[in-house]
Every structure is written in C-alpha cells, then in structure tokens.
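Below: one structure, written as structure tokens.
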Amino acid sequence: MTGSASLSAAQRRLSLLIAIVCISAVGTTMGLTWPLLSLILDSRGFSSGLIGLSAASQSLSIFAVAPLAPRLVARFGVLRTASGAILAAALLLALLPLHIDPYGWMPIRFLLGASVSLLFIACQTWIQQTAIDESRGLVGGVLGFLWSSGFAIGPIIITLAGIEGWAPFLCGIALVLVAALPLLFARKLVPAAHADERRRGFRHLFAAAAIALLAAPTLAVSDAVNDSFLSLYGLRSGFSQQNAVLLLTTLFVGTTIGHLPIGWLADRIERRKVLIATVIVTLLLTLAVMVAMPVGWLAWPVVFLWGAGLGGIWTVAFAMLGDRFRGTELAAATTLSSLLYGVGSTLGPVIAGHAMELWGPIAILIVSAAALTGYLAVCLLLERNVAAQSTERTIT
C-alpha cells in the first residue's frame with residue numbers, strides 16, 4: 001500500500017481504474033439478484049409484499065456492516081477487505097439456487113448484502129482518496145458508468161439465461177470473480193489504510209454535506225424499487241417477460257450513459273446547481289413514465305432518459321462528497337452515505353410492495369416521485385440558506 005500523494009499520474013489512473021472495475025462487482029451482484037429473485041418468487045406465486053420483504057433483507061445488512069467497515073479496512077487493508085468481500089459474494093450467490101424459499105433466502109440475502117456493502121465502502125473510499133478535485137466529477141462519471149454497467153448486465157443475464165436453474169447464477173458468479181482479477185495487480189497502488197481517528201460524529205458530517213448525503217437514500221428508494229419491481233410493472237402493464245426485463249435493462253443503460261456527460265458538466269459548472277437541475281428533470285421524467293407505459297413504445301426512450309437522470313444525481317453527489325471531506329472524515333462520510341442508502345433501499349421495496357397491492361403497479365412510480373420531491377425540497381431550502389449566508393457575508 002502507498003499514499004495516494006506519492007503516486008505518479010499514470011499510477012493514479014491505473015489505481016482508479018482497478019478500483020472502479022472492482023466496484024462493478026457490486027453492480028453486477030445487485031443488478032442480477034434483485035430482479036432475478038423477484039421474478040423467481042413471482043413465478044412461484046408469492047405476494048408483492050413478501051417479495052419486497054425478501055429484497056429488504058438484502059438491504060438491511062448495510063446497518064450491520066457500515067459502522068464496522070472503516071475498522072475492517074484499517075485492520076485488514078483495502079486489498080484484503082475487497083478480495084474477501086468478493087469471494088464471500090460469489091459463495092453466497094451459489095447458495096441461492098439450492099432451495100427456493102423467500103424465508104430461507106432472507107439470511108443468505110442479508111449476508112450477500114453485507115459483502116457487497118463492505119466492498120462498496122472500501123472501494124469508494126479508495127477512489128475518493130486517489131481522485132483529484134479537478135477531475136472528481138469525471139471520475140465519478142466513469143465509476144458510475146462501470147457500476148451501472150454491472151447493473152445492466154444483470155437483466156441481460158436473465159434475458160439470455162432465463163430464471164430457471166443454475167444458469168443465471170453461474171453467469172453472475174463468473175462476472176463477479178472476473179471483476180476481482182485486477183486486484184492481483186493493485187498491491188502497490190492501493191492507498192494506505194488508517195486507523196479510525198474520527199473526532200466528529202455523523203451529525204457534523206451531515207451538517208457539512210447534507211445535500212450530497214441525502215442523495216443516497218433518495219436514489220436508494222428508486223434503485224431498490226426499480227430493481228425489484230420495474231420488471232413486474234412491465235409484466236402487469238402488458239409487456240412480455242422478455243420485454244419487461246429489457247425495460248429494466250433500458251433504465252440501467254440510461255443510468256450508465258448519464259453518468260459521463262453529467263459528471264463532465266459538474267467539473268465545469270457549480271455542482272450544487274447541476275445537482276438541483278438534474279433532480280428537477282429526473283422528477284419530471286418519473287411522472288412522464290406514468291404516461292408513457294400505457295403507450296408501449298414511448299416507454300423505452302422515457303425510461304432511458306429517466307435512468308440517465310438518476311445516474312447523474314449520483315455522480316454529482318459523489319463529487320460533492322469528495323470535495324468536502326478528506327482522510328478519515330471521508331471514510332466516515334462514505335459510511336454515513338452507505339447507511340443512508342441502506343435506509344432507502346430497505347424501506348423502498350417494502351413500501352412499494354404494499355403500495356402495489358393497494359394501487360397497482362403505478363405505485364412504484366409514485367414512491368420514486370415522492371422521494372425525489374422530498375429531496376428537491378430539501379435541496380432548494382439548503383440552497384436558499386447558502387445564498388442568504390453569502391449575501392450576509394457580502395454586506396458585512
């Protein structure tokens with residue numbers, strides 16, 4: 001391990017590339033398991049509410065692993081932590097097809113979620129410590145691009161391999177292990193791990209970067225709801241199973257593409273303004289999906305653009321977090337962001353699953369729109385406070 005400041009420009013780029021490719025294993029695992037397991041349980045006749053609870057068990061693990069992650073990384077190092085988490089995820093994926101039972105899957109999905117959460121926290125801290133401010137938006141865009149590509153691979157696997165038997169699980173295991181291969185070349189490129197020296201708690205971190213941190217639970221709601229229920233929404237809206245899965249793929253492709261241009265823009269325009277504009281556009285696109293789904297063909301471009309907006313929100317928030325924190329505070333902020341993501345991804349499927357039973361499939365869009373509306377209100381309020389404080393300083 002080494003300090004990121006001692007890396008040459010070429011070593012820094014290689015270090016970032018390895019970490020970003022490794023973190024794509026998180027996207028592959030989540031992008032496969034959430035829709036695949038939901039479709040399997042739905043085909044067995046289980047209720048939407050139970051499917052949502054099963055999905056939530058995978059998200060709940062973040063509350064157990066996030067507080068421990070900085071200490072685990074400090075003790076074992078980023079390299080060992082990431083390698084162990086990937087191997088654990090591959091093993092747990094292999095356990096899922098042995099017995100199809102929503103209740104039996106819950107502890108497996110809990111441990112699977114813990115593995116990918118630990119991997120995500122370790123690699124995201126690695127990336128933030130290695131990236132420089134001038135290109136942090138673009139780095140976030142590339143990270144989001146490959147991470148979302150992993151998400152997009154999940155539905156493609158389902159389309160090609162189906163939902164029966166071992167085939168989709170073996171494909172997922174292979175891709176996760178392939179994503180770990182670059183770690184073999186990373187020993188001298190990983191930033192040094194430090195003992196947890198935080199002196200200020202989560203309250204301070206939240207006060208310092210509320211807009212960036214609150215993006216996490218907002219996106220978690222949309223991510224978890226879409227991953228678990230968008231394919232089901234497509235099925236119940238008249239799409240074939242193949243097209244319903246491709247609808248989720250279209251969302252992921254839009255998310256993947258959206259990271260890069262919005263990340264590039266965030267390096268050139270004030271990031272708070274880019275974030276607020278992206279949230280507004282994404283909220284409007286969420287409402288547009290409600291109109292587009294009954295039309296059929298119109299759903300494809302609208303869902304693509306919707307995904308691009310969601311990806312853009314994540315990229316700008318990522319850059320803002322790295323702007324604000326360094327060192328152990330950055331690791332703590334990443335942990336807090338992951339905890340907040342866990343809140344959204346745990347509550348999202350449960351709320352959406354029960355809402356679907358009351359209002360039908362359109363409920364998933366209502367839940368996503370509500371989360372975005374709340375986030376937008378907070379962003380505008382905090383932006384107004386920042387503007388007011390800036391005016392007061394100018395006057396004095």
Apply side-chain contact (heavy atoms from CB on, under 4.5 Å) to residues F63 and V343 and explain how you reach the verdict. CA-CA 8 Å; F63 300 107; V343 172; 3.5 Å; yes
Which atom pairs, donor and acceptor, lie under 3.5 Å between side-chain atoms of residues 294-316 and protein residues at least two apart or in another chain?
residue, atom, partner, partner atom, Å
W306, NE1, T286, OG1, 2.8
T315, OG1, H259, ND1, 2.6
T315, OG1, G311, O, 3.1

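- Judged by distance alone, the side chain of S368 and the main-chain N or O of I364 form a donor-acceptor pair under 3.5 Å.
- Of all heavy-atom pairs between R271 and G137, the closest is NH2-N, 3.6 Å.
- Residues forming a side-chain hydrogen bond (donor to acceptor under 3.5 Å, both in side chains) with S54 (at least two apart in sequence, or on another chain): R109.
- Contact between T282 and L372 at its shortest, heavy atoms only, is CG2-CD1, 4.0 Å.
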For V281 and T278, run side-chain contact (heavy atoms from CB on, under 4.5 Å): C-alpha distance rounded to whole Å, both residues' side-chain angles, the deciding distance at 0.1 Å, then the answer. CA-CA 5 Å; V281 172; T278 306; 5.9 Å; no
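- Applying the side chain to side chain donor-acceptor pair (under 3.5 Å) test to every pair with at least one member in residues 158-185, sequence neighbours left out, gives no pairs at all.
- The shortest distance between side-chain heavy atoms of I62 and V65 falls below 4.5 Å.
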For residues 350-362, which side-chain donor-acceptor pairs fall under 3.5 Å, sequence neighbours excluded?
residue, atom, partner, partner atom, Å
E357, OE2, G49, N, 3.0

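- Nearest heavy-atom pair across T81 and V73 is OG1-CA, 3.7 Å.
- Side-chain N or O atoms of N226 include one that pairs as donor or acceptor with a backbone N or O of S222 at under 3.5 Å.
- If you chain together hydrophobic residues whose side chains sit under 4.5 Å apart, V289 and V291 never meet in one group.
- R268 contributes a side-chain N or O that, together with a main-chain N or O of W264, makes up a donor-acceptor pair within less than 3.5 Å.
- Distance alone, capped at 3.5 Å, places no donor-acceptor pair between the S83 side chain and the R80 backbone.
- I158 meets the side-chain contact (heavy atoms from CB on, under 4.5 Å) test with L32, P35, L36, L39, I163, V245; sequence neighbours excluded.
- Taking the side chain as every heavy atom from C-beta outward, F318 and I127 approach each other to under 4.5 Å.
- The heavy-atom pair separating G234 from L247 by the smallest distance is CA-CD2, 4.4 Å.
- One finds the CD atom of Q11 at 11.0 Å from the OG1 atom of T130 (value rounded to the nearest 0.5 Å).
- Going from atom CZ of F239 over to atom OG of S231 covers 11.0 Å, rounded to the nearest 0.5 Å.
- One finds the CG atom of L365 at 8.5 Å from the CG atom of L287 (value rounded to the nearest 0.5 Å).
- Remark: A377 pairs with no residue by the side-chain contact (heavy atoms from CB on, under 4.5 Å) rule, at least two apart or across chains.
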Show me the side-chain donor-acceptor pairs of residues 88-95 shorter than 3.5 Å, one per line, residues at least two apart or across chains.
none

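- One finds the CG atom of L96 at 6.5 Å from the CG atom of L112 (value rounded to the nearest 0.5 Å).
- Judged by distance alone, with hydrogens and angles left aside, the side-chain atoms of S237 form a donor-acceptor pair with the main-chain N or O of Y233 at under 3.5 Å.
- The closest side-chain heavy-atom distance from Y103 to L50 is below 4.5 Å.
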Check step by step if side-chain contact (heavy atoms from CB on, under 4.5 Å) holds for Y375 and L219. CA-CA 10 Å; Y375 181 52; L219 293 174; over 6 Å; no
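- L376 pairs by the side-chain contact (heavy atoms from CB on, under 4.5 Å) definition with I276, V279, I280, L283, L380, not counting sequence neighbours.
- Residues forming a side-chain hydrogen bond (donor to acceptor under 3.5 Å, both in side chains) with Y341 (at least two apart in sequence, or on another chain): D223.
- Residue G104 comes nearest to P107 through the heavy atom pair O-CD, 3.3 Å, listed as atom of the first residue, atom of the second, then distance.
- For the pair Q58 and W105, the minimum side-chain heavy-atom distance is 4.5 Å or more.
- A donor-acceptor pair is defined here as one N or O able to donate and one able to accept, closer than 3.5 Å; such a pair exists between the side chain of T218 and the backbone of L214.
- Residues L381 and V378 have side chains not in contact (no heavy-atom distance under 4.5 Å, counting atoms from C-beta outward).
- At a threshold of 4.5 Å between non-hydrogen side-chain atoms, the residues L175 and I153 count as touching.
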Show me, pair by pair, the donor-acceptor contacts under 3.5 angstrom made by side chains of residues 113-124, not counting sequence neighbours?
residue, atom, partner, partner atom, Å
S115, OG, L111, O, 3.1
S117, OG, G113, O, 2.7

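- R136 and D267 are not joined by a salt bridge, as no carboxylate oxygen comes within less than 4.0 angstrom of a charged side-chain nitrogen.
- Taking the side chain as every heavy atom from C-beta outward, I86 and L183 approach each other to under 4.5 Å.
- The heavy-atom pair separating V274 from A266 by the smallest distance is CG2-CA, 4.4 Å.
- Taking R236 as the reference, D42 meet the salt bridge (charged side-chain N to carboxylate O under 4.0 Å, His left out) condition, with sequence neighbours excluded.
- Applying the under-4.5 Å side-chain rule to Ile, Leu, Val, Met, Phe, Trp and Tyr, the cluster around L160 extends to I156.
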Are V21 and L181 close enough, and set up right, to give a side-chain contact (heavy atoms from CB on, under 4.5 Å), and what steps lead you there? CA-CA 9 Å; V21 169; L181 290 178; over 6 Å; no
